[in-house]
Asker: 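Following this message is one structure expressed as structure tokens.
Indexing begins at 1, ligand by ligand and atom by atom, following the structure's order. Please read all numbers here as calculations on a predicted model, not as lab measurements. Every heavy atom of this structure was used, including side-chain atoms; hydrogens, water molecules and symmetry mates were not. Position 1 is the first residue of the sequence; numbering continues from there.
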Amino acid sequence: MEKKPFLTLEQVQEIVKTHPTPFHIYDEKAIRENARKVKAAFAWNPSFKEYFAVKATPNPRLVQLLHEEGFGCDCSSYTELQLSRACGITGHDIMFSSNVTPDEDFKLASDLDAIINFDDITHLDYYDKVGQWKETMSCRFNPGGDFVLENEIMDTPQEAKYGMTREQLIEAFKYMKAKGVKHFGIHAFLASNTVANEYYPALARILFKLAVEVRKETGVHIAFINLSGGVGIPYKPWQEPNDIMAIGEGVRRAYEEVLAPAGMDDIAIYTEMGRFILGPYGALVARCIHHKHTYKEYAGLDACAANLMRPAMYGAYHHITILGKEDALHDRTYDVTGGLCENNDKFAIDRNLPRIDIGDYVYIHDTGAHGFSMGYNYNGKLRSAELLLREDGSVELIRRAETPRDYFATLDFTGLFDDIR
Ligand SMILES: *Cc1c(COP(=O)(O)O)cnc(C)c1O
């Protein structure tokens with residue numbers, strides 16, 4: 001799929017008059033269109049709900065925007081719960097899918113009446129001491145082994161720290177039933193960033209079959225199946241994007257074939273997508289501030305891995321467009337780098353690009369999820385601003401950039417940094 005920026009050079013030249021680079025920017029129009037497509041894809045299931053994975057892009061403005069489209073929040077920590085509450089999102093609009101959960105997190109999730117999705121059977125006794133048993137609760141399943149799709153190993157659940165074995169899940173449901181839980185959910189996340197329309201349908205089939213068996217063995221009411229996240233996006237221009245309508249239809253077919261014959265067609269389908277919801281609709285915009293010619297050609301940016309960790313952490317590909325040179329010949333080869341004292345701080349290695357001049361604006365695609373949120377402060381680098389490109393073309397600051405004062409804030413009790421802005 002051709003990668004096109006949602007901003008032109010002229011727009012960026014205008015934006016930087018108020019908001020200097022680097023910044024992450026999100027495209028409201030595309031976000032809303034995509035959200036509506038997701039809902040349409042699962043409209044066959046009247047209780048369908050997407051719980052946006054807050055960790056992917058924990059910006060209240062975006063979380064509220066998605067809430068306006070009918071999405072809830074998937075939280076996994078105390079502060080993510082607080083963020084949801086601050087957005088006015090509470091109760092069954094929150095799915096709490098955490099692991100290695102501290103007791104104060106469980107307590108807050110309980111107080112907010114969130115749907116709690118237990119990662120482990122040992123958490124039940126733990127929760128019993130800090131939270132209240134609710135009518136609707138959930139457990140996370142891990143089938144072990146490899147997750148294979150069309151003869152290809154997509155991921156290795158047996159190596160994943162998440163979820164319970166089948167036996168544990170059954171035992172957990174019995175325990176919860178004895179505590180008064182009436183409606184049960186089953187959740188699993190078996191493969192990440194799948195660019196394959198078959199992922200959700202295959203996962204759904206596994207969980208639907210399990211649901212039928214669990215009901216037989218325990219007699220509990222299964223109220224929902226949570227397909228979690230993992231629906232991917234085409235980071236690379238030669239990848240085919242997922243077709244969410246085909247994905248929804250695949251899940252529907254599994255539903256008709258497995259759940260309907262068992263008389264379990266009141267089950268709600270829930271999802272917790274992050275990447276698919278925002279990934280393509282955010283970009284990191286930076287400026288080239290240095291050239292370096294040694295054994296390779298380097299273009300150095302005013303952004304670094306602290307603004308976008310995925311290339312350094314996973315060797316992930318992020319497409320790059322030099323704004324204003326969209327159609328220029330890609331006749332140069334660069335390592336595009338940030339300024340961390342870490343050699344893996346490279347947004348791209350040996351990338352064919354047009355000639356990059358000092359001052360050129362560099363548009364790094366697909367940073368809308370797991371981009372800003374994975375940021376950190378190594379080398380004293382500061383987190384960037386986040387901007388929203390509104391449907392009317394205006395630009396709204398939805399998070400200001402950090403200042404040195406923010407960086408020193410946790411030390412400030414000495415007064416030593418009082419003069420720093
Ligand atoms: C990270 C995560 C998600 C979202 O994953 P994406 O790949 O962004 O769709 C959903 N649920 C849980 C429990 C997660 O940890």
Asker: CD of E68: more than 12 outside heavy atoms within 6.0 angstrom?
Answerer: yes
Asker: Is the Y127 ring parallel, tilted or perpendicular to the W133 ring (thresholds 30°, 60°)?
Answerer: perpendicular
Asker: Here's one to test your reading of the geometry: is the NZ or CZ of R205 within 45 degrees of the ring axis of Y200 and under 6.0 Å from its centre?
Answerer: no
Asker: Is a side-chain donor-acceptor pair under 3.5 Å present for H183 with H221?
Answerer: yes
Asker: Over 60° means perpendicular and under 30° means parallel, so classify the ring planes of F372 and H24, tilted if in between.
Answerer: perpendicular
Asker: Where do E391 and K29 land on the salt bridge (charged side-chain N to carboxylate O under 4.0 Å, His left out) test, with the steps shown first?
Answerer: CA-CA 5 Å; E391 290 185 283; K29 184 165 183 285; over 6 Å; no
Asker: Got the residues with a heavy atom under 4.0 Å of ligand 1, by chain and number?
Answerer: A53, K55, D74, S97, R140, F189, S228, G229, G230, E272, M273, G274, R275, H370
